[in-house]
Amino acid sequence: MDLPTSDLELVRENEKIEDDKERGLTFHCELYDTEIVRKLAQAFLPGLSTACVNNTTGDMFRNPGSVAADIRKEMVDYLTQRSERFVAESVVLEGDLVSDHPYDIISNMVDDFASLKLNLFSRVSGWLLSEKREDKIDDFVQEMEISGFWLLDRREAVAQILVKNVDLKNIFHCDKKFNTAEELAEHVVNCGFRTMNCRNEGCSTVFCASHLEKHDSACPFKIIPCEQQCSENVMRREMDRHCITVCHMKSVSCPFYAVGCQSTMPHFRIQQHCSDNLLSHLLYTLKTIHKGGSEEDLKKRVDQIVESSSGGLADAKDARSLILKVKDVEAKLGPLEVKVSEKVSEEPNKAGENSSEEPIEAFNKGGEQSSEEDKIGGDKTPLRP
């Protein structure tokens, strides 16, 4: 072979060598992003149904089912040709492409095809935007699914070809080529686009190997530790119900919230909280029963009730049960004794003013009012519950 005599000839020679090598790589990896292909295959039936309804609207002699086979063939041919021309279209519409994702690109092609099938009646009638039209499209989709008119695996085969045609960046399919079948087989075992099934019991999702971590982080059937850090392992989709119902770490209000305790705590600490705060819960309860009692008098009453209850108060599980127990003990103790004091104002009350405290009148032994007393101390007045 003669040596190249110029840079141009050298470039041409190198290109020829590369072409020869490319032609020798006859074994191609045919794997693809399973999730995208499955999603596209599921979108084909609504697209076909829309095209059939558009084409037969107002026609007394045809219905969507009578034209479905012909329109399906037209749809596949249209999508294949459009996808093959996509490289050229993307160059022309470089600044106008809304998305370069294969699903968006092919979905737009399906919509374009359905629009091409609008007949004259569909174009001029307001029925195009009516709910009746949408219902008819949905009904025909269900009819095709039940009858098995266009099986999922056949739709996936079409979607696979379309994805490879529009995936210019080779993100959603494998573009590897090999010299021998052995090299291809070795690659397929480790290819990031190889199909995998979710290992979590109950999950039937199929995805490519490169999406394993992504799926596993969101799989509703995966068993994971409780989000509230209890000792249980729970299925992800059952986590919310677990956390608000049976989880012993769920946050709850104190059982004595109704009488004034504003504490919140994990569910398993309720018993300890009630035991540690029995006296304060008693005080809250007495404030509810004796609304006019002073803090000092009620605290003394707490001590009396504790001494007389013989430990039975600790069994009260909520405010209502504690109130009943307190009333039973108070029935034995008698009325609450309250220390009462009188303050006599030296200045006469002004007309129209409301006094915040009224002087407590004291009477002498003969029943006459005493004007010399300034203060009454030590009298015990019963305050009944």
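Computed from a predicted structure; not experimentally measured.
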Do [X] and [Y] come within less than 4.5 Å of each other through their side chains, counting heavy atoms only?
| X | Y | value |
| --- | --- | --- |
| Trp150 | Glu145 | no |
| Ile106 | Phe44 | yes |
| Cys198 | Phe207 | yes |
| Arg237 | Lys222 | no |
| Ser253 | Ser263 | no |
| Met109 | Val166 | yes |

| Would you say the ring centroid of His101 lies under 6.0 angstrom from that of Phe172? | yes

| task | Establish, yes or no, whether a centroid distance under 6.0 Å links the rings of Phe193 and His173. | result | no

Do [X] and [Y] meet the criterion of a side-chain donor-acceptor pair at a distance under 3.5 Å?
| X | Y | value |
| --- | --- | --- |
| Glu330 | His290 | yes |
| Gln272 | Asp276 | yes |
| His273 | Asn277 | yes |
| Asp318 | Ser321 | yes |
| Asn55 | Arg62 | yes |

Is a donor on one side and an acceptor on the other found under 3.5 Å between the side chain of [X] and the backbone of [Y]?
| X | Y | answer |
| --- | --- | --- |
| Asn108 | Asp104 | yes |
| Arg236 | Pro220 | no |
| Asn200 | Cys203 | no |
| Ser49 | Leu45 | no |
| Gln81 | Val76 | no |

Is the number of heavy atoms from other residues, nucleotides or ligands within 6.0 Å of [atom1] ([X]) greater than 12?
| X | atom1 | answer |
| --- | --- | --- |
| Glu186 | CD | no |
| Glu213 | CD | no |
| Glu183 | CD | yes |
| Lys250 | NZ | yes |
| Arg199 | CZ | no |
| Asp59 | CG | yes |
| Lys164 | NZ | yes |
| Arg85 | CZ | yes |

| request: In sequence, state the C-alpha distance, the side-chain angles, and the governing distance for Asn54 and Arg133, and then conclude on side chain to side chain donor-acceptor pair (under 3.5 Å). | output: CA-CA 9 Å; Asn54 287 348; Arg133 173 179 178 274; 2.8 Å; yes

Salt bridge flag under 4.0 Å for residues [X] and [Y]:
| X | Y | value |
| --- | --- | --- |
| Lys325 | Asp315 | no |
| Lys39 | Glu35 | no |
| Asp303 | Lys299 | no |

| message | Whether Arg72 engages the ring of Phe149 as a cation-pi pair (distance to the six-membered ring centre under 6.0 angstrom, angle to the ring normal within 45°) should be assessed. | response | yes

Measure across [X] and [Y] and return the closest heavy-atom pair with its distance rounded to 0.1 Å.
| X | Y | result |
| --- | --- | --- |
| Pro46 | Ile137 | O-CG2, 4.3 Å |
| His242 | Cys230 | NE2-SG, 3.5 Å |
| His211 | Asp33 | CE1-OD2, 3.0 Å |
| Gly47 | Ala114 | O-CB, 4.2 Å |
| Asn165 | Ser83 | ND2-OG, 2.9 Å |

| said: Go through it in stages, so that I can follow the logic: the residues are Asp297 and Ser294, the test is side chain to side chain donor-acceptor pair (under 3.5 Å), and I'd like the CA-CA distance, side-chain angles, deciding distance and then a yes or no. | reply: CA-CA 5 Å; Asp297 292 327; Ser294 67; 2.8 Å; yes

| field | The single option from Asp77, Asp112, Asp111 passing salt bridge (Lys or Arg N to Asp or Glu O under 4.0 Å) against Arg82 | value | Asp112

| request: Look at the rings of His187 and Phe178 and say which category their plane angle falls in: under 30° parallel, 30 to 60° tilted, over 60° perpendicular. | output: tilted

